[in-house]
Asker: 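Have a look at this one before I ask anything.
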Number of protein chains: 2
Amino acid sequence: MPWDIKPDRPIYTQLIEQIQLKICSGVYPPGSRLPSVRDLAQEASVNPNTMQRALAKLEEDGLLYTNRTSGRFVTEDTDMIKQVRKRLAEKHVQDFLKKMTELGFDYNEIISIISAMIKTEEMKHE
Amino acid sequence: MPWDIKPDRPIYTQLIEQIQLKICSGVYPPGSRLPSVRDLAQEASVNPNTMQRALAKLEEDGLLYTNRTSGRFVTEDTDMIKQVRKRLAEKHVQDFLKKMTELGFDYNEIISIISAMIKTEEMKHE
DNA sequence: ATTATTGTATTAAGGTCTTAATACAATAAT
DNA sequence: ATTATTGTATTAAGACCTTAATACAATAAT
C-alpha cells in the first residue's frame, strides 16, 4: 500500500486517514514501532512538519504514543483499534448510502448495482 | 436540499458537486433557468466569485450554458444528464468498495453490512 | 564520553482559496 | 430612452496549508 496523496484536500488530513488505515488493517500491528517522522515524511514525499502534524493528531486520539527519543508506537489496545475499524466502516456505508439516495437510487437499486459491480470485480481477478 | 458546505475541502469544489447533484436528481430540470450568480451565492452563503467559479466549471463540462444577460440554464441534453448520473453512481460504488476492502472486509461482509444498515434505516422511517 | 537519532519547535516564504469591494458590458424590463 | 439585472473581470487583503531551513533537548547506540 503506497502513500496516495491527492491535491484536492489538505495533505495532513490524508496522512491521518492513511496511517489510521495502516493501523486498522494491520500494516502497523499493535505495539509496533513506526518509522521516524523524517523517514515517514520521505516515504510519503511530504515535509517532516506535515507528517509530524498528522502523527500528533493520531497521538491525541490515542492510536499512537511516543517514547521521547526511541520513537513512536502503535497502541497495544486492540479493542480500540477494532472499534476504530468498525466506526470507519459504518461511516463509509452511511456516506455511500447518502450519496446514492441523493442521486435518486432506492435501496433495491443500490444493492443491485453494488452486487453487479462486485461480480465484475471478481471476474477481473480470476 | 439545503446547501451543505464543509470546511475540509475547497468550497468551489463542493459547490460544483452539489449543483451537479441538483441537476442529476431533477431539482434543476433540463432547460430550466438557474437563479442568478448573486442569488445562488446568497443561498449558499458564499461569495459570488466562488459561486461563479463553480458555475464556470459546470459550463465548461456542458451541464450549463449561459445566455449573456438573461441568465444561466441547465442543458436540455437529457442523455448527458443520465450519463453523468450513471458515472457518479459508479464512482461512488467503486470508491466505497475500495475503502471497505482496504479496511479488510471481503465482498460477502460488505454486502452483509450494507444490507444490515439498510434494514436499520428502513426501520427508522416506518 | 561521544555520536547519532529521536521528537519537537520556530521562522520565513510561497501557494491556493475565499472574501470584499468594485467596475464594466450587454440586454431584458420598464 | 432609462433602469435594472445579467454574467464577467479585477484588485487587495487575509486565512490556511505546505515547504524549507534550522535549532534544541533527550536518549539510544557506539
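Residue numbers start from 1 in every chain, and the chains themselves are labelled A, B, ... in the order their sequence lines are given, proteins ahead of strands.
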Asker: Which nucleotide, D/dA28, D/dA25, D/dT19, lies nearest any side-chain atom of A/R68?
Answerer: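 Nearest listed nucleotide: D/dA25.
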
Asker: Measure CE/A/M51 against P/C/dT6 and give the value in whole Å, please.
Answerer: 14 Å

Asker: Please report, rounded to the nearest Å, how far the P atom of D/dA20 is from the CD atom of A/Q42.
Answerer: 12 Å

Asker: Over how many whole Å does the gap from B/D8 atom CG to D/dC16 atom C1' extend?
Answerer: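 Taking atom C1' of D/dC16 as the reference, CG of B/D8 is at 13 Å.
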
Asker: For A/S45 and for B/T69, locate the closest nucleotide of DNA chain D by heavy-atom distance; then report the residue assigned to the nucleotide nearer the 5' terminus.
Answerer: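 Its nearest nucleotide lies further toward 5', so the answer is B/T69.
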
Asker: Calculate the interatomic distance between A/Y65 atom OH and C/dT8 atom C1'; express it in whole Å.
Answerer: 19 Å

Asker: Can you check whether any acceptor in the base of C/dG7 is under 3.5 Å from a donor in the side chain of A/R72, or vice versa?
Answerer: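 Answer no: no donor N or O sits under 3.5 Å from an acceptor.
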
Asker: If you define the side chain from C-beta out and look only at heavy atoms, does anything of B/I81 sit under 4.5 Å from B/P30?
Answerer: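 Yes, at least one pair of side-chain atoms sits under 4.5 Å.
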
Asker: Reckon A/N67 touches a base, only the sugar-phosphate, or nothing at all at heavy-atom distances under 4.0 Å?
Answerer: nothing

Asker: Expressed as a whole number of angstroms, how long is the span from B/E60:CD to D/dT8:C1'?
Answerer: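 Rounding to the nearest Å, CD of B/E60 and C1' of D/dT8 are 16 Å apart.
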
Asker: Measure the shortest side-chain to side-chain distance between A/F105 and A/I111 over non-hydrogen atoms and say whether it is less than 4.5 angstrom.
Answerer: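 When only atoms from C-beta onward are counted, A/I111 and A/F105 do not touch, as no gap falls below 4.5 Å.
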
Asker: Any side-chain heavy atom of B/I113 within less than 4.5 Å of one from A/V93?
Answerer: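 SC-SC contact between B/I113 and A/V93 confirmed.
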
Asker: If you assign A/N49 and B/V37 each to the DNA chain D nucleotide with the nearest heavy atom, which residue ends up on the more 5' nucleotide?
Answerer: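 So the residue in question is B/V37.
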
Asker: The side chain of B/R38 lies closest to which of these nucleotides: D/dA28, D/dT8, C/dG7?
Answerer: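 Of the options given, the side chain of B/R38 lies nearest D/dT8.
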
Asker: Using a 4.5 Å cut-off on heavy atoms from C-beta on, say whether the side chain of B/F96 contacts that of B/I110.
Answerer: yes

Asker: Applying a 4.0 Å non-hydrogen cut-off, can you work out what A/R53 is touching in the nucleic acid: base, sugar-phosphate, or nothing?
Answerer: sugar-phosphate

Asker: Show your reasoning for whether side chain to side chain donor-acceptor pair (under 3.5 Å) applies to A/Y65 and A/E76.
Answerer: CA-CA 10 Å; A/Y65 65 92; A/E76 278 108 17; 3.0 Å; yes

Asker: D/dC16 C1' sits how many Å from A/Q14 CD, rounded?
Answerer: 15 Å

Asker: Please determine which of B/I16, B/L21, B/I23 meets the side chain to side chain contact (heavy atoms under 4.5 Å, CB included) test together with B/I19.
Answerer: B/I23

Asker: Could you check how far CG of B/N47 sits from C1' of D/dT8, rounded to whole Å?
Answerer: 14 Å

Asker: Which nucleotide wins on minimum distance to the side chain of A/Q52, given the candidates D/dT19, D/dA9, C/dT8?
Answerer: C/dT8

Asker: It should be established whether A/S70 places a side-chain nitrogen or oxygen under 4.0 Å from OP1 or OP2 of nucleotide D/dA28.
Answerer: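 Checking A/S70 against D/dA28: no side-chain N or O falls below 4.0 Å of OP1 or OP2.
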
Asker: B/L40 CG to D/dT5 P: how many Å, rounded?
Answerer: 16 Å

Asker: Does any N or O in the side chain of B/N67 come within less than 3.5 Å of the main-chain N or O of B/S70, such that one atom is a donor and the other an acceptor?
Answerer: no

Asker: For DNA chain C, produce a single dot-bracket line, 5' to 3'. Pairs: Watson-Crick or G-U wobble, both distances under 3.5 Å. Symbols: ( ) within strand, [ ] crossing, | other strand, . unpaired.
Answerer: ||||||||||||||||||||||||||||||

